[in-house]
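What follows is a set of notes on a single structure, which appears directly below.
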Amino acid sequence: MFALVDCNNFYASCERLFRPDLRGQPIVVLSSGDGCVIARSNEAKALGIVMGEPYFKIKPLCHTQKVHIFSSNFTLYRDLSQRVMSIIEQAWAHTEIYSIDEAFLDLSTMEPILQEVFCQDLQKNILKCTGIPVSIGLGRSKTLAKISNFVAKRELKIPVFNIDNHLDWLKRIDVGEVWGIGRQWRKKLTCQGICTAYDLTQVDVHQLRRQFNVAVMWTALELKGISCLQLSDDTAPRKTILSSRSFSTMQTEFESLAQAVSMHSHIAYEKLREQGSLTHCVCVFLRTNRFREDLPQYEQSGSIRLIMPTDDVRLITQHAKACLRAIYKPGYSYKKAGVWLTELSDKSGYQFDLFQARCEEKLKTSANFLKVLDKINHRFGKHTLHLAALGFNNTWDAQFQFKSPAYTTRWTELPSVCNGT
DNA sequence: TCTGGGGTCCTAGGACCC
DNA sequence: TCTGGGGTCCTAGGACCC
């Protein structure tokens, strides 16, 4: 048996945690640059605000209905996520942290009779210790646990549900709600009359393998209660690292794009160092605003493959700017740029170039420099020390107009408790 | 006027090898 | 006119997830 713990309206719940005055009020959390809706409280859902909707389209509704708007505050969400996850891991060792707000538990070694009670206790404990409400679904496979969670949250509105003796629910679940069936597969399946999760269990799995792919076949097997996906004990480092963002206003000049690309190089560098990897390939992309059909469109990417892998922010930035130079075309209004590091390798397996003199001295100097850079930024705040290439007073960077304080991670932004006097 | 960011995996096809 | 069989690796593109 598997259990899926899923935080309810996670980002909205995080925001409400430090704003008890917002209990029962509609809350919406926006994506980077206050672009789209990425989380909604139940009250906001009830107003018909849908996921992914651009903010400007719902602005009047938010105003008349007094919806509380928040910019995304990932520092806060990450911190609260870690608290929730640590409680889960303390309660049960065989756990996979699947996303910022979800964890799978493999309960197969627990007495079946204890499983539901265990989940009910866990749900109460998480709420008590963190203030974050969660729902827990149980099932014979990860996919069934997912569906079970969906039923608990959306249909029955109860904290814990075990679908094992209630598989009739599959007949009422749209096939597009099944984990692993996205928009394209849903379209293709419904064309063939496969409209519900139950329908999918009735199709020959080899036919699914042929017509779709092996993942869809596994999904169908999992719905039948045949577990194909085990917990992934994934402490493995990322295989690619990306930093990208839309601009607050469209940019035309090379210089501001170069600043943005330098900033993304810096962010990507920090992520790279954090997991102790080196990059072999630096890729840069930029694109115009695809929603502005009245403007000429351009989208391009370029990459540089390094002879020797690096984690030096100076080299990464230098190569990223060279990529940008190669793809930049004047005369366009750019909306977004990013830096993508691929072909990552572990620092311990450093491969020297056969045809160049070994340059240990140079590497040592670089390592020392980076160590100091990291140390200073760790102690005094993320962007205390950075390359001048990032520029100052960036007007192009995304705005977070409705951002809440870093309540739990910054001394100066701790919530204050007022005694009313 | 205003439309997110960051990942993974699978597959088909092409290039190459003997 | 007729031209094998059995592999591996790489890449781009497409699907999915949160």
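What you see is a predicted model; the values in this text were computed from it and never measured. Side-chain atoms are counted along with the backbone in the values below, which use heavy atoms only and exclude waters and symmetry mates.
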Look at the side-chain N and O atoms of [X] and state whether any lies under 4.0 Å from the OP1 or OP2 oxygen of [N].
X        : N      : result
A/Arg292 : B/dT1  : no
A/Lys271 : B/dG7  : yes
A/Asn213 : B/dC9  : no
A/Lys146 : C/dC17 : no
A/Ser244 : B/dG5  : no
A/Arg245 : B/dG5  : no
A/Ser72  : B/dG4  : no
A/Lys59  : B/dT1  : no

Close side-chain approach of A/Ser135 and A/Phe161, heavy atoms under 4.5 Å: no
Relative to the 5' end of DNA chain B, which residue comes earlier, A/Arg210 or A/Met250, by the nucleotide with the nearest heavy atom? A/Met250
Using heavy-atom distances to pick each residue's nearest nucleotide on DNA chain B, tell me which of A/Phe56 and A/Lys239 is more 5'. A/Phe56
Using a cut-off of 4.0 Å on non-hydrogen atoms, how would the nucleic acid contact of A/Tyr98 be classed: base, sugar-phosphate, or nothing? sugar-phosphate
Quick one: label A/Ile181 by what it contacts on the DNA or RNA (base, sugar-phosphate, nothing), any heavy atom closer than 4.0 Å. sugar-phosphate
Are A/Phe212 and A/Trp185, when compared by the centres of their aromatic rings, separated by less than 6.0 Å? yes
Between A/Glu299 and A/Arg290, is a salt bridge (Lys or Arg N to Asp or Glu O under 4.0 Å) present by the stated rule, with each step listed? CA-CA 9 Å; A/Glu299 183 171 357; A/Arg290 57 203 160 104; over 6 Å; no
A/Phe369 ring centre to A/Arg314 NZ or CZ under 6.0 Å, with the angle to the axis within 45°? yes
